[in-house]
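Heads up: the structure comes next, in structure tokens.
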There are 2 protein chains.
Amino acid sequence: MDDQESLGKVEVSLTPAQRFEEFLQLRGMRMTEQRRQLLDHVFRRHEHFDVEELILQLPRRNQPGHVSRPTVYRTLNEFVDAGLLRRFELDGRAVYEHDYGYPAHDHFYCEKEGKLIEFQNDELVELIQKIAAQHDFQVHSHRLIIYGSSKEGRENNRRKKRRQDMV
Amino acid sequence: MDDQESLGKVEVSLTPAQRFEEFLQLRGMRMTEQRRQLLDHVFRRHEHFDVEELILQLPRRNQPGHVSRPTVYRTLNEFVDAGLLRRFELDGRAVYEHDYGYPAHDHFYCEKEGKLIEFQNDELVELIQKIAAQHDFQVHSHRLIIYGSSKEGRENNRRKKRRQDMV
DNA sequence: TTGAATGCAAAGGATTTGCAGAGGC
DNA sequence: GCCTCTGCAAATCCTTTGCATTCAA
């Protein structure tokens with residue numbers, strides 16, 4: 001699978017659903033109602049999410065379109081194997097984001113808002129390659145999270161503090 | 001606490017044990033045999049470790065110097081709060097490394113060997129600051145892991161492959 | 001028809017917690 | 001002596017798994 005690091009180039013000819021279909025065929029796996037349902041929900045928006053969030057968005061038990069928790073976990077793993085999603089850990093739980101057809105990026109994590117913010121920087125990718133080369137290390141991928149506070153986080157915080165001061 | 005990102009400068013006047021002692025005092029907490037024992041084991045060597053590894057190094061149950069699992073977890077959290085350790089997640093479990101008195105660094109993760117390798121690069125820290133500034137983001141810390149394969153990993157792999165080919 | 005996928009319940013692994021007794025200061 | 005800390009067992013959280021049934025091809 002083509003997961004060598006590159007500079008934000010994105011080549012897409014197939015939709016995620018089509019690409020997953022290929023993946024299934026190749027492995028003798030089947031396209032089911034549940035997998036279709038999850039493809040729909042997961043690739044409708046470009047936001048990262050955790051399993052809990054995803055399950056809350058899906059129809060409840062005994063509702064049409066419901067997918068059981070184990071199947072959600074199983075299918076997300078398949079999406080990762082198929083190169084559709086990337087997975088990382090934040091505060092001990094898995095977070096997923098689009099990989100296929102979505103430009104490579106990194107994240108700020110605003111500790112005041114508990115929020116992930118994406119950014120893209122080619123210089124960074126180049127520097128990482130350079131550092132790796134210096135150490136004879138062959139890069140496959142990387143994960144960078146910059147912790148701190150965004151402008152919004154700092155402003156909300158100030159507002160909250162003022163409010164507290166008034167009490 | 002002084003956890004603003006800086007360029008590998010390290011100012012240390014106290015040993016980790018002394019600094020932890022201060023931390024305890026400030027909070028009306030006590031220096032116990034178990035905390036002493038863990039300080040000893042954790043700061044004896046500069047290697048990252050996970051809880052399982054640490055516990056294996058400690059005396060077994062009913063041996064002098066033994067520390068129970070919950071206390072290990074509790075104490076590691078305290079070390080993190082005290083700024084002595086930094087914690088991150090790898091494959092769903094917590095990994096700890098020295099923070100206090102130890103130069104800031106990042107990691108390669110060799111996927112062939114399952115091994116973390118440290119590196120230090122000031123250019124990277126500067127670039128992160130620059131990117132953050134561009135986004136009005138105030139940096140508190142960061143975590144970068146570069147996944148791939150080290151020279152050793154690639155060589156061991158080749159050796160293994162050859163061996164397999166012979167079968 | 002046939003093997004793969006699902007849902008359920010239950011297991012698993014890592015970490016935390018309630019509580020009674022032990023132990024710093 | 002007081003209040004924190006410890007160890008035990010049990011709970012929690014997230015995720016995976018075994019198995020009988022359902023279902024895609």
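Throughout, a chain's letter reflects where its sequence line sits, starting with A, and its residues are numbered from 1. Any value given below was found using the heavy atoms of this structure, including those in side chains, with hydrogens, waters and symmetry copies removed.
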Electrostatic pair A/Glu47:A/Lys115 at N-O distance under 4.0 angstrom: no
With a 4.0 Å limit, can you tell me whether A/Gln34 has a side-chain N or O closer than that to the phosphate oxygens OP1/OP2 of C/dG7? yes
When rounded to whole Å, the CD to P distance for the pair B/Glu21 and C/dG24 reads 13 Å
Ignoring backbone atoms, test whether A/Thr32 places a side-chain nitrogen or oxygen under 4.0 Å from the OP1 or OP2 oxygen of D/dA24. no
Name the residue closer to the 5' end of DNA chain D, choosing between B/Glu78 and B/Arg30 according to the nucleotide with the nearest heavy atom. B/Arg30
A/Tyr100 (side chain) donor-acceptor with A/Phe20 (main chain) under 3.5 angstrom: no
Is it the case that C/dG13 (base atoms only) and B/Arg93 (side chain only) share a donor and an acceptor within less than 3.5 Å, ignoring hydrogens and angles? no
Salt bridge check: are B/Arg35 and B/Glu78 linked by an N-O gap of less than 4.0 Å? yes
Nearest-Å distance, CE (A/Met31) to C1' (C/dA5)? 13 Å
Starting from P on C/dG12, measure out to CZ on A/Arg69 and report it in whole angstrom. 20 Å
Quick one: B/Gln37 CD to D/dC5 C1', roughly how many Å, whole number? 16 Å
Is a donor on one side and an acceptor on the other found under 3.5 Å between the side chain of B/Thr71 and the backbone of B/Val67? no
Indicate, with a heavy-atom threshold strictly under 4.0 Å, whether B/Arg74 touches base, sugar-phosphate, or nothing. base
note: B/Phe49, atom CZ; C/dA14, atom C1'; distance rounded to Å ~ 16 Å
Check: B/Phe88 ring centroid to B/His107 ring centroid under 6.0 Å: yes
Closest nucleotide of DNA chain C for B/Arg36 versus for B/Pro70: which of these residues is on the 5' side? B/Pro70
Less than 4.0 angstrom between a side-chain N/O of B/Ser68 and OP1 or OP2 of D/dC8, yes or no? no
Whole-Å distance separating the CZ atom of B/Arg35 from the P atom of C/dG23: 15 Å
Could you check how far CE of B/Met29 sits from C1' of D/dT4, rounded to whole Å? 9 Å
I need the CZ-C1' distance between A/Arg87 and D/dT15, as an integer number of Å. 8 Å
Just compare C/dT15, C/dG7, D/dT15 and give me whichever is closest to any side-chain atom of A/Tyr73. D/dT15
